K.L.:
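The structure under discussion is supplied below as structure tokens; questions concerning it will follow.
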Amino acid sequence: AAAQVDYRNLDAERPLRAEDAYPIERGALEFSFPYAAEFEGGRWAHIVSPELAAGLGNAQLGLGWPLLRTAGGDYASLGPRLSLLWNANTESPSLPGVGLRLDGAAFDGADGALDGRVTAKLLLTRGFGATRLHLNGALSAGPEAPRHAEEFAPRREALIAVDRSLWRHSLLLGVEGGVAQEVSGADASWLAGAGLRLQVTPVDVLDVGYRLARHPARGTQHSISLGLSHVWGFGRPSARPAPRSPGTVDRRDEQFYAAGGWNWSFLRDEPDAARLFNAFDYGHAVLYERLLTRRGPGLDSSLAREYAYLRTDLLVRPPRFAIAEEAVMPSYAKALWRAKAVFEWAHLLHRQVYDVYAASRHRPSVISPAQADSLIEVLTDRYLERREYALAAVPKSMALMDGQPYSRVFAQRAPRFNGLIWAYHWLQVGLYEPYARAIEPEDRGRVDLAPTVRRFREMLATEGYPEVMPMTSAVAPRFTAAHPRAAAIFDNLHALHDIISDVLLNDAVVPQDGKRATILRAIAAYQDPTRDVEADEHWRMMGEMMGGVGRMGGAVP
């Protein structure tokens with residue numbers, strides 16, 4: 001759920017001057033309201049800089065209009081600001097994330113005439129787990145003498161910043177330093193700053209910062225800042241043809257939630273269940289990172305530690321918001337960003353279906369129970385429109401998962417961790433069933449997720465995990481009957497999770513330098529709706545064919 005990690009999106013001036021190389025998500029509309037108080041030469045100046053930004057694929061378009069109040073009590077409009085940020089690529093093992101930004105500013109010059117300035121920025125971001133390094137360089141063209149110094153963009157500027165994500169608390173801490181030449185030919189100024197960004201709701205981020213600048217001619221300037229941003233979803237993506245083959249350079253290409261008043265209802269109304277999914281995200285992410293980067297006895301001990309941490313700590317006290325998975329699996333995200341994007345797109349569909357169901361029960365004025373099923377089908381259409389990331393909406397042969405040369409190695413080597421992953425999948429599809437049952441006459445309107453969550457926690461306590469991968473058609477038959485496309489997508493998603501674990505671990509069959517290509521081929525197979533398709537009647541009987549639903553974790557209470 002992209003909005004829940006917006007605290008990690010380091011915007012310019014919020015709270016550091018430096019920013020990261022990535023725009024906001026496609027389909028996101030963000031309003032930010034930063035305030036800064038600057039103290040210099042015994043005088044205060046106050047600036048508010050409201051801005052509206054829209055995410056357009058790998059680009060972000062922004063419009064701002066700063067307002068100034070001087071120490072003498074005068075107010076001034078500093079003129080409109082237009083910006084465009086474009087992401088050339090996300091990080092890879094060999095390249096940092098690269099962003100290019102253009103800022104145009106119109107303002108009153110010292111002579112009263114309208115002036116302007118254009119600034120070009122190069123933005124580089126490199127991640128090292130929870131820590132990231134940012135390098136920013138900027139060049140400006142335009143007049144030298146604005147009426148108000150506060151609106152004046154430096155002629156040249158170079159910044160370096162480091163931030164660290166406290167992912168469990170949705171908090172980002174950052175520090176920066178740099179040099180700037182405000183006027184051509186002038187001596188350089190230096191600056192330093194620190195700040196934090198905190199996710200306070202799924203769609204609201206608070207930031208606080210402090211900066212110190214030393215100007216050769218004007219002395220020292222102190223600045224404190226406070227900002228708040230809120231994000232909405234807008235529009236629907238248009239259908240685009242699937243690329244012929246995955247590119248060698250991955251773009252960021254993140255997607256925001258579909259716009260709707262039902263969003264975040266599941267987290268708001270069913271927090272005990274919803275927060276577990278944030279812990280699940282960590283479990284998948286840390287598993288892939290360890291399988292990719294460690295070998296031998298060190299891998300076994302690392303998996304044992306992570307399993308114990310998940311079972312006894314994180315799943316007991318799951319995070320409030322979704323985690324920044326890049327902070328947990330930096331090597332995997334660099335090597336297999338496209339695979340990560342495929343999973344996140346399906347996870348977003350998971351969460352939006354929960355939101356629709358929860359809103360239809362708790363907020364019928366937003367969406368009635370009678371409308372919920374049709375809206376879920378609309379969201380499934382939207383999911384399938386992004387063909388480069390969408391999994392096929394038809395059931396796939398189990399041979400894709402279990403019949404490959406690399407298959408089953410993870411379940412054999414780490415059976416408890418594998419069982420825990422299957423327990424995740426049982427809950428992920430099992431929680432749909434109480435909502436789907438609520439439309440039947442004997443259960444009309446009654447939805448209680450607590451027994452399903454308790455059953456999951458019993459699995460944790462006793463380590464009585466599913467013996468085979470839970471199938472949506474068996475665990476959630478009513479949901480499957482109502483939404484067969486979504487059910488097939490989720491089964492394909494869960495099978496791909498198992499495949500990637502096997503590929504990453506099985507060095508005997510897939511050497512290290514072939515793992516990316518093997519995983520991308522598996523994804524392509526699950527995206528193709530014409531190959532390796534399981535007959536619908538066989539899919540719906542999968543529970544019996546695999547030994548009964550009891551082997552999959554049991555029927556939903």
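Remember, predicted model here, so these are calculated numbers, not experimental data.
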K.L.:
Indicate yes or no: does Glu38 engage Arg211 in a salt bridge with an N to O separation below 4.0 Å.
P.N.:
no
K.L.:
Under the 3.5 angstrom rule, does the side chain of Trp337 hit a backbone N or O of Arg252 as a donor-acceptor pair?
P.N.:
yes
K.L.:
Do Phe479 and His483 make the cut of ring centroids closer than 6.0 angstrom?
P.N.:
yes
K.L.:
Of all the heavy-atom pairs spanning Ile24 and Asn9, show the shortest one and how long it is.
P.N.:
CG2-ND2, 3.1 Å
K.L.:
Looking only at heavy atoms, which two atoms of Tyr7 and Arg197 are closest? And how far apart?
P.N.:
O-NE, 2.9 Å
K.L.:
Counting distance only, does the side-chain N/O of Asn58 pair as donor-acceptor with the main-chain N or O of Asp253 below 3.5 Å?
P.N.:
yes
K.L.:
Are Arg386 and Glu344 close enough, and set up right, to give a salt bridge (charged side-chain N to carboxylate O under 4.0 Å, His left out), and what steps lead you there?
P.N.:
CA-CA 12 Å; Arg386 297 203 76 196; Glu344 287 192 344; over 6 Å; no
K.L.:
State whether the side chain of Lys396 and the backbone N or O of Asp491 hold a donor-acceptor pair below 3.5 Å, judged by distance alone.
P.N.:
no
K.L.:
Do the side-chain N and O atoms of His362 and Glu270 include a donor-acceptor pair separated by under 3.5 angstrom?
P.N.:
yes
K.L.:
Checking side-chain polar atoms at under 3.5 Å, does Asp250 have a donor or acceptor matched by the opposite partner on Thr90?
P.N.:
no
K.L.:
Taking the six-membered ring for Trp, are the ring centroids of Tyr435 and Tyr432 within less than 6.0 Å of each other?
P.N.:
no
K.L.:
Looking at Thr380 and Ile376, would you say the former's side chain and the latter's main chain have a donor-acceptor pair under 3.5 Å?
P.N.:
yes
K.L.:
Test of understanding: with side chain to side chain donor-acceptor pair (under 3.5 Å), list the residues that count as partners of Glu51, not counting sequence neighbours.
P.N.:
none
K.L.:
Would you call Arg485-Asp381 a salt bridge at under 4.0 Å N-O?
P.N.:
yes
K.L.:
May I ask you to decide if the ring planes of Phe31 and Phe33 are parallel, tilted or perpendicular, using 30° and 60° as cut-offs?
P.N.:
tilted
K.L.:
If you take all heavy atoms of Phe256 and Glu25, which pair is closest and at what distance?
P.N.:
N-CB, 3.7 Å
K.L.:
Quick one: do Asp163 and Arg8 make a salt bridge, cutoff under 4.0 Å?
P.N.:
no
K.L.:
Kindly indicate, with the supporting measurements, whether the criterion side-chain hydrogen bond (donor to acceptor under 3.5 Å, both in side chains) is fulfilled by Thr125 and Arg132.
P.N.:
CA-CA 7 Å; Thr125 295; Arg132 299 185 302 175; 5.7 Å; no
K.L.:
Could you tell me whether Arg81 and Asp103 have a side-chain N and a carboxylate O separated by less than 4.0 Å?
P.N.:
no
K.L.:
Could you tell me if the ring centre of His347 sits under 6.0 Å from that of Phe277?
P.N.:
no
K.L.:
Under a 3.5 Å distance rule, please check whether Ser140 uses its side chain to pair with a backbone N or O of Pro154 as donor and acceptor.
P.N.:
yes
